[in-house]
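Everything on this sheet refers to the single structure shown next.
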2 protein chains.
Amino acid sequence: MAAELKPLRSDAARNRDKLVVAATQVLAERGLDAPLEHIARRAGVSIGTLYNHFPTREALLGAVLPQRLAALDEITMAALADPDPWAGFVGFLEGLFALHAEDHSLNDALAESFSPTTDVSQVCHRGFHDAQRIIGRAKASGRLRADFESQDLVTLVWAMSQVIRKSMKTDPGAWRRHLSFYLDGLRAEAARPVPDEQAV
Amino acid sequence: MAAELKPLRSDAARNRDKLVVAATQVLAERGLDAPLEHIARRAGVSIGTLYNHFPTREALLGAVLPQRLAALDEITMAALADPDPWAGFVGFLEGLFALHAEDHSLNDALAESFSPTTDVSQVCHRGFHDAQRIIGRAKASGRLRADFESQDLVTLVWAMSQVIRKSMKTDPGAWRRHLSFYLDGLRAEAARPVPDEQAV
DNA sequence: CATGAACTTGAGGGGTCCCTCAATTTCGTA
DNA sequence: TACGAAATTGAGGGACCCCTCAAGTTCATG
């Protein structure tokens with residue numbers, strides 16, 4: 001995001017690019033905590049070079065994730081543009097989790113409390129704000145139960161990210177089915193008051 | 001479960017007991033993959049002694065988990081004994097996840113595909129069989145949606161175990177709220193057909 | 001109590017991953 | 001082309017965790 005203060009030497013720029021590409025792939029396959037050595041190897045570069053360009057894992061994530069989050073932005077915009085607020089809400093969730101399903105790094109990033117890097121968390125915060133609008137619209141339309149809060153979306157992201165992680169290999173359709181059951185509970189007409197929680 | 005073939009020497013029996021107690025505590029706190037060194041240290045015993053009694057991590061789990069799963073059995077029985085099949089079903093889920101919430105090792109054990117050890121998996125299989133009866137009863141009563149299958153329970157366990165892991169420290173009531181939304185989608189009158197999944 | 005079997009100990013070798021830095025290579029320019 | 005700055009390399013030290021085994025200790029029995 002910030003302008004490059006020092007123009008990189010040509011080989012350095014090339015290596016940086018190779019690292020970002022490799023990191024994007026490896027992180028998508030193996031999650032946010034993939035070994036940095038793997039990324040360096042896939043980029044055809046030594047581990048020292050990786051650390052030269054990205055002193056911390058977070059710096060590397062900051063170069064990879066915002067790009068990946070752009071897709072989420074499109075989904076959000078499409079949801080807000082949908083004339084049917086409920087359909088927009090459902091489409092948002094389905095799009096969000098489809099992204100989770102195809103990119104392990106996004107899954108981790110969104111599930112891991114929304115804040116790996118400053119860059120990423122900024123993107124996330126904006127996304128979260130838009131998500132609140134999607135929720136608000138759906139509630140106002142009377143289709144989404146009135147007691148659904150944005151924190152419930154966070155909880156749902158936790159739940160779904162695990163469902164996706166566990167089931168993708170054996171049953172790629174499982175998460176849609178699970179979401180579908182959950183959505184049936186989110187419709188206003190299905191809602192029952194959440195029981196008081198007192199004792200544990 | 002199997003009778004002790006060789007009576008242990010008194011010090012060995014004492015150490016074994018200390019190890020099981022320590023393992024129960026540490027695993028509950030830190031999950032199934034807690035370092036074995038921690039368990040040995042908490043038992044006041046060397047790592048070598050731990051390996052002497054339990055040659056593999058699974059052997060240790062086999063000594064700890066079945067005991068912990070007994071509580072689940074009670075919950076299952078109570079659910080089957082409930083005159084209201086739906087209430088039994090709901091009570092089963094709430095009891096199951098309350099156990100998850102208070103014991104990290106049970107959470108992992110049940111979420112990690114139900115099969116760490118032979119002993120454990122046997123207990124789990126029996127439990128799973130009973131769970132199917134609970135589901136069947138609830139469906140037969142017409143309260144639980146007819147398309148809910150036992151695999152959906154597995155998926156729910158995955159989802160809830162993650163919700164519990166993520167939220168227990170900051171909001172111990174979050175999982176009940178999430179479950180309550182989900183249950184609202186499981187009532188027969190809330191059910192909508194699950195959309196066909198074809199393309200991904 | 002003495003003796004051998006049972007048991008315990010903990011250093012240490014193996015593995016993975018983290019990150020650093022002195023030596024080396026490559027680039028851009030004069 | 002030759003030189004200094006920029007960039008790269010990869011061995012290596014640290015942190016964890018796994019598991020083993022030779023040496024030492026404790027128990028139970030005659």
Side-chain angles (χ1 to χ4, degrees), chain A residues 2-64 104-105 108-109 112 116-117, chain B residues 2-64 104-105 108-109 112 116-117:
Chain A
E4 58 255 27
L5 298 177
K6 294 178 186 176
L8 286 175
R9 226 171 65 176
S10 64
D11 55 344
R14 219 177 314 126
N15 282 337
R16 191 183 190 285
D17 288 348
K18 287 195 288 183
L19 278 166
V20 171
V21 169
T24 302
Q25 295 173 356
V26 172
L27 294 174
E29 291 165 14
R30 312 176 62 115
L32 283 191
D33 47 4
L36 297 180
E37 269 96 345
H38 288 203
I39 294 173
R41 205 176 311 137
R42 170 127 14 152
V45 131
S46 89
I47 182 64
T49 297
L50 186 152
Y51 276 98
N52 181 34
H53 287 287
F54 304 103
T56 65
R57 174 176 233 104
E58 282 64 40
L60 182 54
L61 298 184
V64 168
H104 206 318
S105 69
D108 286 356
E112 295 298 324
T117 303
Chain B
E4 59 255 26
L5 298 176
K6 295 177 185 176
L8 286 174
R9 225 171 67 177
S10 65
D11 56 344
R14 218 178 315 125
N15 282 338
R16 191 182 190 285
D17 288 348
K18 286 195 289 184
L19 278 166
V20 171
V21 170
T24 302
Q25 294 174 356
V26 172
L27 294 174
E29 291 165 15
R30 310 176 64 115
L32 283 191
D33 47 4
L36 298 179
E37 270 96 346
H38 288 204
I39 294 173
R41 204 175 311 136
R42 171 125 17 150
V45 132
S46 91
I47 182 65
T49 296
L50 186 152
Y51 275 98
N52 180 34
H53 287 287
F54 305 103
T56 66
R57 174 176 231 104
E58 282 64 40
L60 183 55
L61 298 183
V64 167
H104 205 318
S105 68
D108 286 356
E112 296 297 323
T117 303

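In the text below, chain A, chain B and the rest are named by the order of the sequence lines, each starting its count at 1.
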So, is [X] close to the [N] phosphate, meaning a side-chain N or O under 4.0 Å from OP1 or OP2?
X     : N      : result
B/N52 : C/dC7  : no
B/R57 : D/dC18 : yes
B/T49 : C/dC7  : no
A/H53 : D/dT8  : yes

Does the side chain of A/L36 come within less than 4.5 Å of A/L60's, by heavy atoms?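 Answer yes - side chains close enough.
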
Below 4.5 Å, heavy atoms only, C-beta onward: do A/N15 and A/L8 meet side chain to side chain?
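With C-beta onward as the side chain, the pair stays apart.
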
Quiz item: Pick the nucleotide of DNA chain D nearest each of B/R9 and B/G48; which residue has the one closer to the 5' end?
Solution: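 With B/R9 and B/G48 compared, the 5'-side residue is B/G48.
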
Point to revise | Toward the 5' end of DNA chain D, by each residue's nearest nucleotide, B/A34 or B/R14 | key: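 On the 5' side of the pair lies B/A34.
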
When you get a sec, tell me which of [options] is the closest nucleotide to the side chain of [X]?
X     : options                : result
B/D11 : C/dC18, C/dT8, C/dC17  : C/dT8
A/I47 : D/dT8, C/dT8, D/dG10   : D/dG10
A/L36 : D/dA28, C/dC18, D/dC18 : C/dC18
B/S10 : D/dA28, C/dC7, C/dT26  : D/dA28

Spacing of [X] atom [atom1] relative to [N] atom [atom2], expressed in whole Å:
X     : N      : atom1 : atom2 : answer
A/E37 : C/dT20 : CD    : P     : 13 Å
A/R41 : D/dG10 : CZ    : C1'   : 13 Å
B/I39 : D/dC17 : CD1   : P     : 12 Å
A/N15 : C/dC27 : CG    : C1'   : 12 Å
A/H38 : C/dG15 : NE2   : P     : 15 Å
B/Y51 : C/dA11 : OH    : C1'   : 15 Å
A/K18 : D/dA7  : NZ    : C1'   : 13 Å
B/D33 : D/dC18 : CG    : P     : 9 Å

request  = Look at the side chain of A/R57 and the backbone N and O of A/L32, then say whether any donor-acceptor pair between them is shorter than 3.5 Å.
outcome  =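 Flag set: sc A/R57 to bb A/L32 pair under 3.5 Å.
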
### CG-CD1 distance between B/L50 and B/I47, expressed to the nearest 0.5 angstrom
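Taking CG in B/L50 and CD1 in B/I47, the distance rounds to 5.0 Å.
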
TODO: Could you give me the CA-CA distance, side-chain angles and deciding distance for B/H38 and B/E29, then say whether side chain to side chain contact (heavy atoms under 4.5 Å, CB included) is met?
DONE: CA-CA 11 Å; B/H38 288 204; B/E29 291 165 15; over 6 Å; no

